[in-house]
Amino acid sequence: MSPDAVYDLAIIGGGPTGLTAAIYAARAALKTLVLEKSVPGGQISATMTVENYPGFPEITGAELGERFHEHARKFGAEIRTATVESLHWEGYVHIVTDGGETFARSALIATGASHRRLGVPGEATYYGRGVSNCATCDGFFYRDKDVVVVGGGDAAVEEGTFLTRFARKVTVIHRRDALRAQKILQQRAFDNPKMAFVWNSVVEEVLGDGERVTSVKVKNIITGEESVIPTDGVFVYVGMVPNTGFLKGILELDEQGFIKADCCYRTSMPGVFTAGDVRSGSWRQVIAVAAEGALAVREIEFYLAEEHLEEPDLLWARRRGSKGSMV
Ligand code: NAP
């Protein structure tokens, strides 16, 4: 392997965390590669409006994602479309992708998280035919129609409010009697005359006519009462699952599959760091995960400056012992 073929840092994932890391790494003159399996920008690109990213009181998620992307490219980070299949420590990080192999002195895993599915009958059958996780992409198709949103977090309430631009009525179905979403988002939703709430209830089944969704079967978990709510669309926002399928048996993960890291973003594998939504304990806000990308690069710079690749295990053990345990 020629030294030219080895990157200082390979970043896996091109969302706000990975692209912020790429900006910081490229500006620190690290030979930086970003591996992204689809479009750079990440999950934020599917959010209609972002209004809590400093300096941008209101910006579409797609534009913010594109700005991150352009910013990283401007400073010379190489951004490549590839799906990572596995990685190994061999004195350097050996990354296997669907398109070949990549070698790097360090890696940052910033693969983020994906929408959790409800896992009820009919959800998969009608996915793309009334069931969606993307109000920004699909909201337009529900002009003057009725939709339900499942969940009570920021995503459910924010995207539900967005859907009222198109839909006649948006019914939020939540399993408790209080929302988890930020208060400002809650208040906006409660004040919106097009929004209604079904409390203490879970969706048991998505029903359709064979072509499209027509209703959902709902159960009140306090009374046990079941009902059918007619609807044209079902938007599911019940949290996120980490994109770590390719890391099982390779890195230490928590019970939910998020990557465990110590206080310095280091994972259980030498030279491999993690930050953002995929990290166990991360605060999943765009400003926070972008900042994690920058902070992780600072740690990676320390690592690259201090570690001797001939004896990584020894040094790794010493540093981990002195700088905290995995969370
Ligand atoms: P979340 O905060 O984890 O909320 C998930 C919601 O779905 C909760 O209300 C939860 O109920 C409910 N839920 C979970 N599993 C369920 C199931 N099987 N059936 C029915 N309901 C279920 O997830 P999120 O809203 O997708 O947000 C993810 C992260 O992104 C959060 O950190 C959030 O703050 C962030 N985010 C921020 C913004 C913003 O700042 N504007 C916008 C979107 C997302 P319980 O409440 O009972 O647990």
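Start at 1 and go down the list; that is how both ligands and their atoms are numbered. Being a predicted model, the structure only gives us computed values, none of them experimental.
- Of the polar atoms of Val150, none of the N or O atoms is found under 3.5 Å from an N or O of ligand 1, judged by distance alone.
- Here's the thing with Met240: none of its N/O atoms is less than 3.5 angstrom from an N/O atom of ligand 1.
- With atom 23 (O) of ligand 1 as the reference point, the heavy atom nearest to it among Gly119, Ser282, Gly239, Ser201 is part of Gly239.
- No part of Val286 comes within 4.0 Å of ligand 1, judged by heavy-atom distances.
- Regarding atom 44 (C) of ligand 1, its nearest protein heavy-atom neighbour is Asp154 CB, 3.7 Å.
- Among all non-hydrogen protein atoms, the one lying nearest atom 20 (C) of ligand 1 is Val238 CG1, 3.7 Å.
- The shortest contact between atom 42 (C) of ligand 1 and any protein heavy atom is with Glu158 OE1, 3.1 Å.
- A salt bridge is defined here as a Lys NZ or Arg NE, NH1 or NH2 lying under 4.0 Å from an Asp or Glu carboxylate O, and Lys31 with Asp8 fails to meet this definition.
- Judged by the shortest distance from any of its heavy atoms, Val202 lies outside the 4.0 Å radius around the atoms of ligand 1.
- Exactly one residue among Val218, Ile221, Thr223 makes a side chain to side chain contact (heavy atoms under 4.5 Å, CB included) with Ser201. That residue is Val218.
- With 3.5 Å as the limit, one finds a donor-acceptor pair spanning the side chains of Glu292 and Ser282.
- Nearest protein heavy-atom contact of atom 8 (C) of ligand 1 is Arg180 NE, 3.6 Å.
- Both the sub-6.0 Å distance and the 45° axial angle are satisfied by Arg27 relative to the ring of Phe75.
- The side chain to side chain contact (heavy atoms under 4.5 Å, CB included) with Ile79 is formed by just one residue from the set Thr32, Leu35, Leu19; it is Leu19.
- In this structure, Arg266 does not pair ionically with Glu299, as no charged nitrogen and carboxylate oxygen lie closer than 4.0 Å.
- At a heavy-atom distance under 4.0 Å, only backbone atoms of Tyr237 (N, CA, C or O) approach ligand 1.
- Shown in contact with Asn52 at under 4.0 Å from a heavy atom are these atoms of ligand 1, numbered in order with element: 39 (C), 40 (O), 41 (N).
- Of the N or O atoms in Ala155, one or more lie within a sub-3.5 Å distance of an N or O in ligand 1.
- Atom 35 (C) of ligand 1 has its nearest heavy-atom neighbour, among Arg176, His115, Arg284, in Arg284.
- To the nearest 0.5 Å, atoms NZ (Lys217) and CG (Leu207) are separated by 7.0 Å.
- In the candidate list Glu51, Arg117, Arg175, Gln43, Arg175 is nearest to atom 18 (N) of ligand 1, counting heavy atoms.
- Looking at Glu63 and Arg67, a side-chain N of the basic residue comes within less than 4.0 Å of a carboxylate O on the acidic one, giving a salt bridge.
- Between Arg165 and Glu159 there is no salt bridge, since no side-chain nitrogen of the basic residue lies less than 4.0 Å from a carboxylate oxygen of the acidic one.
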